[in-house]
Amino acid sequence: MDTNYYRKVQLPAGDVHVYAGDSLFAELNYKVFEMANNNLQIPNQVYMSYTPDVHVGVGTCIGTTAVWRAADGYVSPSIVGSDIGCGMRVHLTNLHKDEVKDVKLRRKLVKAIERLLPVEDHARGHFSDIRLEHVVLKGLHGLPKKYLPDGYTPRKSRSLTHVEQSKFTLDEEALNLFPERVWHRSHRQLGTLGNGNHFVEIQSIEIAEPMRQIAETWGLFDGQVAVMIHSGSRNWGGSVSQYCGSLMKKMMQKEGLGTADPNLLFAPLAHQEGRNYVSLLYSALNYAVANRHLIAYAVREAGKEVFGSKFEMSVLYDLMHNYAWQEEHEGEDYFVHRKGATRALPAHHLDNPEPYRETGHPALIPGSMGSSSYIMVGAPGGKDNFYSICHGAGRIRSRSQSKKLITVDAFSAALKIGTEDEVVVNHKSLEALVDESPQAYKDVDQIIESVVGAGLAQVVAKCKPLAAVKGV
DNA sequence: ATGTGC
């Protein structure tokens, strides 16, 4: 039994605040501290922390929150990660899990989703009537109104109010840095899922009793079928990372900036390279939010096809876990990076979107395939950690190691293949997905226990998988 | 994670 959920780890370059229970802390690889020590060498940093799902990434660990004052701050593409704006979205349906008890019906739904949502490598999106420049400049506000199906009015729409930020404002000039082929590719990719750990999952809701009141305020009920989406900014964000990263690398060499890790890139916010990156980063956040919205649009159409026109799928919330932006904390402006970390604001915090002001907003935490996901809400104790919590289970084995070590049988058992409770997956061969098996990840329940134990957030509902659609 | 890289 863990007793301690927080430690300040003092390293030569500064302190990293680690939020993890005793057992998860004991399992941390020394490399995550080596990486922290490099990241702490970026000038003027005021705070850095790890969530319990922390693991080694490129330049910076996944599970990092890193903070600067806006006035003399730095921005780092390495502390954002290459999938800019990657995040979660949950929709609530009007179905009960008993209505999808039949494995054949779940399979039919998965097939319908696959038909309407491009999941194949290089697949084109179905949204040629959308202007990419409107999307990257205005986020959800740049979409034609027909894609905001839940009663759009300029002032009141669930699609727009139930996202952490429906529009990021940026310097339009920065967009000119991109060549035509990037625009072309990214336009075609709008509304596509991607691969790796990205997914659409059909889940059933199990409300956590102590938080029932909040759950019901949010419109949740026991046994409710929910749709969880995990995707990001596709090629657009990748191009931003690559392009800005290479410019930043040159700038760092010229100015003699850097740490022991050549993959750790950063620039002052006030510097031209920093400003360009922030603008393009925001454009990728706009892309990512719109992309998840369009994925949901396709899933809704599939749901209507299978369950009829009475099928409803309204958005609960959309938020990211790979990004950097400005936030106000105690009257001061900060530039906050979250790489594999989720913001979870408590009740009454003024940064909550209006519909969630009284309760705190839903914080959406995916599990690994075949395990549970969680809908949480921030707790007041999150203040010390700039309101960051975990982003998921956190990988413990590399994709290549997982393919070597994990058997298809073990994975098949986790998905209950061949039983009535089978988690229906769109893949023909499980072998291709073994690197997404639960055995490739930390135990998400243990991660959640650490977050709750540390007083950062509380569980509102557990979401159990019924079916999953992955990139093929 | 990415229409993947030397």
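Keep in mind that what you see is a predicted model, and the values were worked out from it rather than measured. The sequence lines fix the lettering, A, B, ..., with proteins before strands; numbering per chain opens at 1.
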message = Over all strands shown, is R181(A) touching base, sugar-phosphate only, or nothing at heavy-atom distances under 4.0 angstrom?
response = nothing
request  = Looking at every strand, decide which applies to G232(A) at a 4.0 Å heavy-atom threshold: base, sugar-phosphate, or nothing.
outcome  = nothing
Mind calculating the distance between [atom1] ([X]) and [atom2] ([N]) to the nearest angstrom?
X: R185(A); N: dT4(B); atom1: CZ; atom2: C1'; value: 10 Å
X: N195(A); N: dT2(B); atom1: CG; atom2: P; value: 5 Å
X: N291(A); N: dT2(B); atom1: CG; atom2: P; value: 10 Å
X: Y287(A); N: dT2(B); atom1: OH; atom2: P; value: 10 Å
X: D83(A); N: dT2(B); atom1: CG; atom2: C1'; value: 8 Å
X: I84(A); N: dT2(B); atom1: CD1; atom2: P; value: 13 Å
X: L190(A); N: dT2(B); atom1: CG; atom2: C1'; value: 16 Å
X: F178(A); N: dT2(B); atom1: CZ; atom2: C1'; value: 13 Å

Cut-off 3.5 Å, no hydrogens considered: what does the side-chain donor-acceptor table look like for residues 34-41 of chain A, sequence neighbours left out?
from, atom 1, to, atom 2, distance (Å)
N37(A), OD1, A13(A), N, 2.8
N39(A), OD1, T60(A), OG1, 2.7
N39(A), ND2, M35(A), O, 2.8
N39(A), ND2, G59(A), O, 3.0
Q41(A), NE2, N37(A), O, 3.1

key: Donor-acceptor contact present, side-chain R158(A) to main-chain V315(A), <3.5 Å   = yes
Donor-acceptor contact present, side-chain R89(A) to main-chain I229(A), <3.5 Å = no
key: Ion pair check, E436(A) and R399(A), cut-off under 4.0 Å   = yes
ask   = Are E327(A) and R338(A) close enough for a salt bridge, meaning some N to O gap below 4.0 Å?
value = yes
query = Would a line drawn from the ring center of Y356(A) to the ring center of H162(A) be shorter than 6.0 Å?
reply = yes
key: Residue Q242(A), side-chain atoms from C-beta onward, closest of dT4(B), dT2(B), dG5(B)   = dG5(B)
ask   = Going through the distances and angles, do E27(A) and K442(A) end up as a salt bridge (charged side-chain N to carboxylate O under 4.0 Å, His left out)?
value = CA-CA 10 Å; E27(A) 285 163 24; K442(A) 293 183 192 179; over 6 Å; no
Phosphate contact (dT2(B) OP1 or OP2) by H122(A) side-chain N/O below 4.0 Å = no
message = Contact list please: residues 243-251 of chain A against DNA chain B, heavy atoms, distance less than 4.0 Å, in numerical order.
response = none
